[in-house]
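A, B, ... follow the sequence lines: proteins, then strands. Residue 1 opens every chain.
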Number of protein chains: 2
Amino acid sequence: MDERRLSTRPTMRDVADRVGLSIKSVSRVLNGDPGVSEAKAEHVLTVARELGFRRNDLARSLRLQDRTETIGVVVRQASTRFYDSLIRGIDEVAARHGALVLTATTQSAEREQSAVLALSSRRVDGLIIVPSGEDQSYLRAEAAARMPMVFVDRPARGISADTVVADNVAGGYAATQHLIARGHQRIGVIGTRSSASTMSERARGYRDACREAGLASEDLVRWNAHGQEGAQQACEELLGLAHPPTALFALNNVCTIGAVRALQGAQLSRQVALIGFDDFDTADLLNPPVTVITQDVEEMGRRAAEAIFSRIDGRPTTSRREKTVLPTTLIARGSGEIEPDRPVARRIGA
Amino acid sequence: MDERRLSTRPTMRDVADRVGLSIKSVSRVLNGDPGVSEAKAEHVLTVARELGFRRNDLARSLRLQDRTETIGVVVRQASTRFYDSLIRGIDEVAARHGALVLTATTQSAEREQSAVLALSSRRVDGLIIVPSGEDQSYLRAEAAARMPMVFVDRPARGISADTVVADNVAGGYAATQHLIARGHQRIGVIGTRSSASTMSERARGYRDACREAGLASEDLVRWNAHGQEGAQQACEELLGLAHPPTALFALNNVCTIGAVRALQGAQLSRQVALIGFDDFDTADLLNPPVTVITQDVEEMGRRAAEAIFSRIDGRPTTSRREKTVLPTTLIARGSGEIEPDRPVARRIGA
DNA sequence: CTGAAAGCGCTAACAA
DNA sequence: TTGTTAGCGCTTTCAG
């Protein structure tokens with residue numbers, strides 16, 4: 001109705017003046033504190049609504065000594081499915097605790113630090129971080145101040161903190177085992193950065209399984225397959241070897257899709273088996289349907305959030321760091337069950 | 001090194017005391033303001049680092065009258081690809097403006113309001129909202145206070161504000177036209193909520209094209225196909241009709257994947273054409289590859305962010321509402337080019 | 001039931 | 001170059 005001067009938002013002062021009460025009484029009403037007569041409380045509420053009052057949580061949190069009822073999440077935007085499920089899990093728990101979840105996404109590992117520190121400066125009550133940078137020692141001050149924080153997917157480096165991860169080694173082992181059991185002797189691996197712990201652990205599981213079966217492995221591992229194109233190229237290179245692998249193990253989502261692309265593109269005389277780490281929406285719709293190792297990312301989010309809130313609520317022996325390792329599961333859909341040297345059927349259509 | 005008492009984070013006061021300077025000088029140094037001798041500045045920086053000082057941005061923003069250098073984004077977690085690209089576009093622009101992008105995701109339309117208002121109470125400088133609720137009039141107070149806000153994907157209801165949307169009608173029209181041009185006379189449509197403007201507009205485009213071609217349309221539209229399962233069922237129902245459609249138009253991502261599932265599952269004697277609204281990662285890997293209508297979601301994010309910042313920076317004639325409509329593009333991959341009554345080729349493999 | 005005063009951590013305005 | 005004072009909007013004593 002009335003044209004306010006210029007983006008000045010009403011304060012409790014304004015409401016109090018309009019109602020003819022003290023600012024404190026207004027505060028009480030607006031926070032549902034007892035000790036204000038029904039009639040006056042009603043009036044305050046009405047006026048607050050008329051004025052479009054929104055409590056300034058900056059001021060409130062400042063006064064409340066850094067309780068912002070907010071937890072910050074920092075993720076690098078890459079494997080989308082991972083992010084989605086993670087947030088879903090976190091949200092579920094945070095909602096129960098009445099906290100707002102604020103996510104900052106970073107497009108590159110370099111920006112991780114600034115995003116995290118920005119959140120810290122805004123005094124979030126806790127931090128859930130999917131580390132993408134090489135080193136998290138920049139969080140030492142927060143650790144010293146006992147800010148609750150949990151690292152998800154990979155452990156932090158340069159600092160000790162709670163961690164929630166999948167059992168990547170076991171997942172890599174299971175995938176490889178699955179292929180070996182079907183007779184594969186040459187299994188190619190496509191991964192992004194060998195420096196990322198998730199990647200290196202999945203590869204370790206692969207190597208363990210190969211060693212146990214008495215197979216060579218190292219010469220069939222291709223790192224630095226970045227993006228779908230990179231993964232596709234790495235696969236094509238593997239498939240072009242004089243003595244090519246009969247099966248592939250893609251260490252993440254993006255690599256898997258790149259591999260599918262490579263396999264569909266190449267005119268191969270033999271079908272090549274494929275197992276991918278991490279599930280994706282259309283995995284069962286591809287031809288052949290893609291066998292994957294899944295991790296329960298939503299559960300990772302839930303566990304991470306629970307860890308945060310138990311620290312926030314100051315659960316007893318708070319100083320010990322906890323590392324939660326969640327199991328992985330193999331979902332057989334077809335691509336991982338292809339046997340070595342199985343001839344390719346005729347293509348559909350044209 | 002030293003064990004702080006209990007999660008009390010150091011303030012400028014602490015730094016000042018340690019250095020033997022006034023709090024104001026510390027403030028100057030920490031904000032890169034001029035007027036402090038090189039030597040003392042150096043000392044301040046060192047001590048601040050030792051203490052693990054992080055400026056309290058709650059206090060800073062409070063003092064600075066609601067400039068938090070933060071913009072809030074509210075999305076409902078549903079079509080993941082949409083969200084990802086949107087944030088990427090927003091981040092790009094926000095980074096140029098030195099602002100932090102904080103995203104609150106809601107798992108249901110009902111929580112949209114509380115997430116938005118929580119952000120508003122935290123005094124973000126601007127709000128980018130992908131509305132999922134039916135009514136946004138709860139934002140009247142923010143509008144009155146001239147808080148910069150932009151609605152993306154759908155316009156707001158109950159309030160007038162800047163909007164960035166795709167040309168959904170044109171997209172729906174193009175998809176339908178494309179099918180009609182290939183001889184289809186019965187085109188089925190699968191959508192979620194007819195109350196969502198995106199959905200209804202895409203359907204309008206469909207109807208326009210049908211009418212122009214003199215085709216009946218209404219009896220082949222199926223609403224309330226929620227989730228992949230719902231979409232799949234709706235498709236199966238359409239395909240089971242006595243006089244089934246020869247082509248399908250899926251109004252969003254999820255519907256498209258559900259449709260693919262239905263088409264793969266059904267043992268049809270004739271191939272059915274399919275066009276989906278909105279692209280997805282593996283669309284070109286499916287069999288047949290899926291023809292889609294794409295919208296440039298990243299650009300939507302960029303435009304939205306630019307609109308926000310131009311309001312924040314108080315660009316002149318600020319009071320007019322702007323509606324940006326971005327074009328859509330049809331990407332032909334195969335599924336949309338199938339002609340009516342084309343027999344199904346033999347399936348690969350088993 | 002109601003209110004006055006103090007202060008959370010910071011910065012702008014104004015001295016010195 | 002440096003420091004003092006006041007106050008952002010709120011909540012917590014502690015009095016009326």
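Within the 4.5 Å cutoff, the side chain of B:R54 has heavy atoms near those of the A:R123 side chain. Side-chain atoms of B:L21 and B:V44, non-hydrogen and from C-beta on, do get closer than 4.5 Å to each other. Using a 4.5 Å cut-off on side-chain heavy atoms (C-beta onward), B:I87 and B:T103 make contact. Put simply, the side chain of A:Y83 does not reach to within 4.5 Å of the side chain of A:V130, judged on heavy atoms.
With hydrogens and angles ignored, the 3.5 Å screen pairs a side-chain donor or acceptor of B:S114 with a backbone N or O of B:R111. Between the side chain of A:T105 and the backbone N or O of A:V75, no donor-acceptor pair lies under 3.5 Å. The main-chain N or O of A:T11 is found under 3.5 Å from a side-chain atom of A:D14 such that the two form a donor-acceptor pair.
Under 4.0 angstrom from either OP1 or OP2 of C:dG3 there lies at least one side-chain N or O belonging to A:S25. Side-chain N/O atoms of A:Q65 include one lying less than 4.0 angstrom from OP1 or OP2 on C:dG9.
For A:L62 and C:dC10, the CG to C1' distance is 8 Å, given to the nearest whole Å. Regarding B:D17, its CG atom lies at a distance of 12 Å from the P atom of C:dG9, rounded to whole Å. The separation between B:H43 atom NE2 and D:dT2 atom C1' is 16 Å, rounded to whole Å. For the pair B:L21 CG and D:dT4 P, the interatomic distance rounds to 11 Å; values are reported in whole Å.
For the residue pair A:S120/A:E142, the side-chain donor-acceptor check at 3.5 Å is satisfied.
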key: Protein-to-nucleotide contact annotation, 5' to 3' order, nucleotides 10-16 of chain D [B base; S sugar-phosphate only; - none; under 4.0 Å, heavy atom]   = BBB----
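In the helix from C:dC1-D:dG16 to C:dA16-D:dT1, the rotation axis of the first five pairs and that of the last five pairs differ in direction by 40°, rounded to 10 degrees.
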